[in-house]
Amino acid sequence: MTTAGDIMHRGAQWIPAHETLDRAAQLMRELNVGALPISDENERLCGILTDRDIVVGCVAVGHDPARVTAGEMAKGTPRWIEADASVDDVLREMRTHQIRRLPVIDDKRLVGMISEADLAQHLTEDQIATWAESVYARSATG
């Protein structure tokens with residue numbers, strides 16, 4: 001059985017909730033990623049910050065990214081998956097919650113992220129098509 005740990009991108013890093021968005025953007029550039037999991041003071045997942053969140057939710061509305069924290073941008077209930085979960089579980093979680101990135105946790109620690117690129121590299125064309133149809137069709141109409 002292929003697991004989340006098998007298809008994830010290793011080396012994901014947290015951004016602490018107290019860090020500012022300008023620092024988050026710098027870290028995204030350094031890591032060449034478009035999203036960072038946000039951690040609370042106990043290194044527990046409390047959200048995910050995307051480059052789009054910074055631009056649309058902060059800069060475009062006239063806020064200073066040096067004064068807004070990652071934690072202030074965290075919305076909703078964060079979703080994640082255990083490293084030993086099956087790929088079917090990964091796809092179900094992403095479809096159900098219409099998300100395109102999924103943190104992977106092992107023993108309460110962040111061990112990786114699964115993104116669309118990871119799915120494209122590891123899944124069959126049929127699996128990708130079904131996933132994309134369900135995620136993009138609902139988000140386009142919702």
Side-chain angles (χ1 to χ4, degrees), residues 1-61 63 65-142:
M1 170 183 81
T2 304
T3 66
D6 296 329
I7 68 169
M8 72 182 182
H9 175 82
R10 297 185 185 284
Q13 291 186 25
W14 298 109
I15 185 82
H18 63 81
E19 276 294 350
T20 57
L21 298 185
D22 61 337
R23 178 62 191 126
Q26 293 165 1
L27 187 56
M28 286 179 187
R29 183 189 64 223
E30 290 166 16
L31 298 172
N32 193 30
V33 298
L36 294 169
I38 304 169
S39 70
D40 65 14
E41 62 278 353
N42 298 314
E43 290 194 359
R44 300 281 182 144
L45 182 67
C46 63
I48 293 184
L49 178 68
T50 67
D51 47 7
R52 186 176 194 283
D53 293 332
I54 295 170
V55 172
V56 175
C58 179
V59 176
V61 294
H63 295 148
R67 296 186 175 272
V68 178
T69 66
E72 291 174 279
M73 296 299 291
K75 297 179 187 113
T77 302
R79 307 309 307 177
W80 53 271
I81 196 104
E82 291 283 345
D84 61 357
S86 73
V87 169
D88 288 338
D89 291 338
V90 169
L91 295 173
R92 187 173 20 266
E93 184 73 12
M94 294 175 88
R95 271 195 308 263
T96 301
H97 300 285
Q98 294 181 309
I99 54 178
R100 294 170 181 86
R101 297 172 179 99
L102 189 61
V104 181
I105 306 294
D106 188 26
D107 194 28
K108 299 181 182 177
R109 293 285 191 225
L110 177 70
V111 293
M113 285 279 275
I114 297 174
S115 68
E116 292 170 305
D118 299 310
L119 297 178
Q121 288 179 337
H122 294 95
L123 302 180
T124 68
E125 287 183 22
D126 288 342
Q127 286 174 307
I128 294 168
T130 301
W131 174 83
E133 182 179 311
S134 65
V135 169
Y136 286 105
R138 280 197 249 156
S139 63
T141 59

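All values below come from the heavy atoms of this structure, side chains included, with hydrogens, waters and symmetry mates left out. This chain uses plain numbering: 1 for the first residue, then up along the sequence.
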Once rounded to the nearest 0.5 Å, what's the spacing between atom CG of Leu21 and atom CD of Glu19? 10.0 Å

Does Pro65 reach the side chain of Val59, with side-chain heavy atoms less than 4.5 Å apart? yes

What I want to find out is whether Arg95 reaches Glu133 closely enough, with some N-O distance under 4.0 Å, to be called a salt bridge. no

Give a yes or no answer on whether the side chain of Asp107 reaches the backbone of Arg109 with a donor-acceptor pair at less than 3.5 Å. no

Taken to the nearest 0.5 Å, the spacing of Trp80 CH2 from Ile105 CD1 works out to 7.0 Å

Determine whether a donor-acceptor pair (N or O, by modelled atom type, separation under 3.5 Å) exists between the side chain of Asp53 and the backbone of Gly57. no

Flag the pair Ile114 / Ile7 as yes when at least one side-chain heavy-atom distance between them is below 4.5 Å, and no otherwise. yes

d(Thr77 OG1, His97 NE2) to nearest 0.5 Å is 9.0 Å

Between Ala4 and Ile81, the two heavy atoms sitting closest are CB-CG2, 3.9 Å

Heavy-atom distance under 4.5 Å between the side chains of Met28 and Leu36, does that happen here? yes

Between the CZ atom in Arg29 and the CG atom in Leu27, the distance rounded to the nearest 0.5 Å is 10.0 Å

Looking only at heavy atoms, which two atoms of Asp6 and His122 are closest? And how far apart? O-NE2, 4.0 Å

Would Lys108 and Glu43 count as a side-chain contact (heavy atoms from CB on, under 4.5 Å) if you check the C-alpha gap in whole Å, the side-chain angles of each, and the deciding distance to 0.1 Å? CA-CA 9 Å; Lys108 299 181 182 177; Glu43 290 194 359; over 6 Å; no

Distance-minimising heavy-atom pair for Met8 and Val111: CE-O, 3.5 Å

Rounded to the nearest 0.5 Å, how far apart are CD of Gln127 and OG1 of Thr2? 8.5 Å

dist Ile54:CD1 -> Arg52:CZ (nearest 0.5 Å) comes out at 12.5 Å

Assess whether side-chain contact (heavy atoms from CB on, under 4.5 Å) is satisfied between Met94 and Leu119, documenting all intermediate values. CA-CA 11 Å; Met94 294 175 88; Leu119 297 178; 4.1 Å; yes

Check whether any side-chain heavy atom of Val104 sits under 4.5 Å from a side-chain heavy atom of Val90, and report yes or no. no

Search all heavy atoms of Ala74 against all heavy atoms of Cys46 and return the closest pair with its distance. CB-O, 3.5 Å

Please step through side-chain contact (heavy atoms from CB on, under 4.5 Å) for the pair Leu91 and Leu123, ending with a clear verdict. CA-CA 10 Å; Leu91 295 173; Leu123 302 180; 3.6 Å; yes

Polar side-chain atom of Glu72 near backbone of Thr69 as donor-acceptor pair, under 3.5 Å: yes

Can you check whether Ile48 reaches Arg79 side chain to side chain, under 4.5 Å on heavy atoms? no

Pair Arg92 + Asp89, salt bridge at N-O below 4.0 Å: yes

Are Ser115 and His9 packed together at the side-chain level, in the sense that at least one heavy-atom pair is separated by less than 4.5 angstrom? no

For Asp106 and Ala83, which heavy atoms make the closest approach, and how far apart are they? CB-CB, 4.0 Å

Side chains of Thr124 and Asp126 only: does a donor on one sit below 3.5 Å from an acceptor on the other? no

CD (Glu125) with more than 12 external heavy atoms under 6.0 Å: no

Please check: side-chain N/O of Arg10 versus main-chain N/O of Gly5, any donor-acceptor pairing under 3.5 Å? yes

Stepwise side-chain contact (heavy atoms from CB on, under 4.5 Å) check, Arg101 with Thr50: CA-CA 10 Å; Arg101 297 172 179 99; Thr50 67; 3.6 Å; yes

Quick one: closest heavy-atom pair of Leu45 and Pro103, and the distance? CD2-CG, 4.1 Å

